[in-house]
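To start, the structure under review is shown below, and the notes come after it.
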2 protein chains.
Amino acid sequence: MATGILLFQSITVILYYNNMYEVLFENVSKKIGLTKEEEQLLQTFFIPKKLRKKQYLLQEGDVSKYLAFVEKGMLRSYTVDEKGIEHIAEFAFEGWWMGDQFSFLTGEPSKYNIDALEDSELLLLTKQAEDQMLEKIPKMERFFRLLLQNHLIAIQGRLASSLSNTAEEKYNQLVQACPTIPQRVPQHMLASYLGITPETLSRLRKNISLRK
Amino acid sequence: MATGILLFQSITVILYYNNMYEVLFENVSKKIGLTKEEEQLLQTFFIPKKLRKKQYLLQEGDVSKYLAFVEKGMLRSYTVDEKGIEHIAEFAFEGWWMGDQFSFLTGEPSKYNIDALEDSELLLLTKQAEDQMLEKIPKMERFFRLLLQNHLIAIQGRLASSLSNTAEEKYNQLVQACPTIPQRVPQHMLASYLGITPETLSRLRKNISLRK
DNA sequence: TAATATTCTTGATATAGATCAAGATAAAAT
DNA sequence: ATTTTATCTTGATCTATATCAAGAATATTA
């Protein structure tokens, strides 16, 4: 957070405005360096948006017009099957990206829903803005490549785990790999994310706690 | 394939040499355009390598020094669990890439084995060569970003399928999404890739064929 | 062409996890 | 504060898939 003793109201306002991009800048700087000018330019490509808990960013059947960067709060993406059961694909917290890559890329209607699990502050990037951004700040090409690389590695791990591990092992791996999720997410959503039933997760957690 | 009536032996040789990169060039050109000069430059970063069936490209515990582009043949990556069971993570055919992204990126020992399922011709890219390539041909940054994007979308689909579908549904989706795999890969490896036992796959295929 | 190894099939049984059901907490809304 | 709604727990059953076992078909090698 940008803090300090502020003498003038006008300065307060400017800092407040800048804060909307704080997590983004930190995130980008971690992977590639950006000058102050580039940061100024970068923010012009994003549309700030607040989302109340339970509000949708994307609904099944719509085209995913935005990639969303989470400045604050928490999103989830999920599909709904024929039986009406929700299957959570991903969560996204502060500093994470969310969006249906496929729909965003191809312009086809999305199979996913994305909504807010907490009141959230997002930075939205349209396809057009993305293209312009990559053109004006070619460095960002690299940023997105590294981002995708990490995302891919994470999902590969999840896939491997989902294919060869028991429910309990999957749960333990998740707790280890990303302790934030079990802390902030209701248990039945966690179960959905792991591809198991809430009942199974409840029992499995009980077993773990009994054993120690 | 580059074919034609060849008048001089020397030309034959040159064409033969160029053929080693044919699939790569076609693949890169599909995503980003390359001039003849850029193609010439591009190939300097790769090390051609032939792999006999069953030969390893990478063994568990070693650092993944290369990303491999498959010009010809077929690779698989897999882990071996405590019980000695192989879990196939990915296949790669002509025009696909293979490698342990994580180990390649971080320099940590790999958990994967990669070997050839058929006699194969590869183009290897070291981390150093990759960095140089991205510096000399910045366009390639974009190529790799798009590549990762598609790879991510594919794996997301596989993950979703593995979490919410039955064994039969997973099999059907694979046949639909990538008919090449079931055609070219022994059935028990297909089972491993799908995270089911060979027995289950055998029975499930029988059921499908009985129903029609 | 035999011999050896690999892959695939089929049956019998076991089990992890799903499903159905209902009560217990806990959180939100009025 | 009390009703309503969401979430979690526990028990009784069911089922898809794993496991164990052994023979059949197919490929590979000698």
Side-chain angles (χ1 to χ4, degrees), chain A residues 52-55 74 76 78 80-88 91 113 115-119 160-175 181-211, chain B residues 52-55 73-74 76 78 80-88 91 115-119 160-175 181-211:
Chain A
R52 283 271 167 72
K53 186 171 175 174
K54 296 201 176 178
Q55 260 190 293
M74 176 178 164
R76 104 241 234 220
Y78 63 98
V80 181
D81 68 19
E82 327 79 53
K83 291 174 191 158
I85 294 167
E86 292 177 358
H87 299 269
I88 296 181
F91 297 106
N113 299 279
D115 63 11
L117 297 179
E118 301 172 0
D119 292 353
S161 176
S162 93
L163 288 175
S164 25
N165 295 334
T166 64
E168 189 174 324
E169 287 165 342
K170 284 190 239 180
Y171 172 74
N172 284 330
Q173 272 181 268
L174 174 63
V175 172
I181 294 180
Q183 277 161 31
R184 277 173 74 176
V185 167
Q187 213 172 284
H188 69 283
M189 289 194 186
L190 234 175
S192 166
Y193 179 78
L194 290 171
I196 62 182
T197 58
E199 294 94 327
T200 297
L201 181 55
S202 172
R203 281 187 255 262
L204 151 188
R205 278 167 49 94
K206 192 185 175 192
N207 287 340
I208 292 174
S209 70
L210 284 178
R211 277 204 300 273
Chain B
R52 282 272 166 71
K53 187 173 176 172
K54 295 201 177 181
Q55 260 190 294
M74 177 177 164
R76 103 240 234 218
Y78 62 99
V80 181
D81 69 18
E82 329 77 53
K83 291 175 193 159
I85 294 167
E86 291 176 0
H87 299 269
I88 296 181
F91 297 106
D115 63 13
L117 297 179
E118 300 172 359
D119 293 352
S161 175
S162 93
L163 289 175
S164 24
N165 295 335
T166 64
E168 189 173 324
E169 287 165 343
K170 284 190 241 181
Y171 172 74
N172 283 330
Q173 273 183 268
L174 174 63
V175 172
I181 294 180
Q183 276 162 33
R184 276 173 75 176
V185 166
Q187 213 172 284
H188 70 283
M189 289 195 187
L190 234 176
S192 165
Y193 179 77
L194 291 171
I196 62 181
T197 58
E199 293 95 327
T200 296
L201 182 55
S202 172
R203 282 187 255 260
L204 150 188
R205 277 166 52 93
K206 192 185 175 193
N207 286 340
I208 292 173
S209 70
L210 285 179
R211 278 205 299 274

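Predicted, not measured: the structure shown is a model, and the values here were computed from it. Per chain, numbering begins at 1; letters A, B, ... match sequence-line order.
- Taking atom CD of B:Glu169 as the reference point, atom P of D:dT17 lies 9 Å away to the nearest angstrom.
- The phosphate of C:dT9 (OP1 or OP2) has no side-chain N or O of B:Lys206 nearer than 4.0 angstrom.
- Residue B:Arg203 places its side chain closer to C:dA12 than to any other of C:dG17, C:dT19, C:dA12.
- Electrostatic pairing of A:Lys54 and A:Asp115 does not count as a salt bridge here, judged by no charged N lying under 4.0 Å from a carboxylate O.
- The interatomic distance linking A:His87 (NE2) with C:dA18 (P) rounds to 11 Å, in whole Å.
- Checking D:dT19, D:dA12, D:dC8 against the side-chain heavy atoms of B:Lys83 singles out D:dT19 as nearest.
- If you find the closest nucleotide of DNA chain D to B:Lys53 and to B:Ala167, the one lying nearer the 5' end belongs to B:Ala167.
- OP1 or OP2 of C:dC8 sits under 4.0 Å from a side-chain N or O of B:His188.
- OP1 or OP2 of C:dA18 sits under 4.0 Å from a side-chain N or O of A:Thr197.
- With salt bridges taken as basic N to acidic carboxylate O contacts below 4.0 Å, none links A:Glu168 and A:Arg205.
- Recorded end-axis angle for the helix from C:dT9-D:dA22 to C:dA22-D:dT9 stands at 40°, based on five pairs per end and rounded to 10 degrees.
- Atom CG of B:Leu117 and atom P of D:dA27 are 17 Å apart (whole Å).
- For A:Ser164, the side-chain contact (heavy atoms from CB on, under 4.5 Å) partners at least two apart in sequence or on another chain are B:His87.
- When rounded to the nearest whole Å, the span between CG of B:Asn207 and P of C:dT9 equals 12 Å.
- Distance B:Leu190 CG to C:dT9 P: 12 Å, rounded to the nearest Å.
- B:Glu86 has its CD atom 13 Å from the C1' atom of C:dT6, to the nearest Å.
- Here A:Leu201 lies out of heavy-atom contact (under 4.0 Å) with every strand.
- Within 4.0 Å of A:Leu204, counting heavy atoms only, lies no atom of the nucleic acid at all.
- Between C:dA18 and A:Thr200, a contact under 4.0 Å exists linking OP1 or OP2 to a side-chain N or O.
- Between B:Glu118 and B:Arg52 there is no salt bridge, since no side-chain N of the basic residue sits under 4.0 Å from a carboxylate O of the acidic one.
- A sub-4.0 Å separation between OP1 or OP2 of C:dT9 and a side-chain N or O of B:Gln187 is present.
- Considering only heavy atoms from C-beta on, B:Ile85 stays 4.5 Å or farther from B:Val80 through its side chain.
- Rounded to a whole Å, the CD1 atom of B:Ile196 is 12 Å from the P atom of C:dT9.
- Atoms CD (B:Glu199) and P (C:dA14) sit 16 Å apart, rounded to a whole Å.
- Between B:Met189 and A:Glu168, the residue anchored nearer the 5' end of DNA chain C, judged by the nucleotide with its closest heavy atom, is B:Met189.
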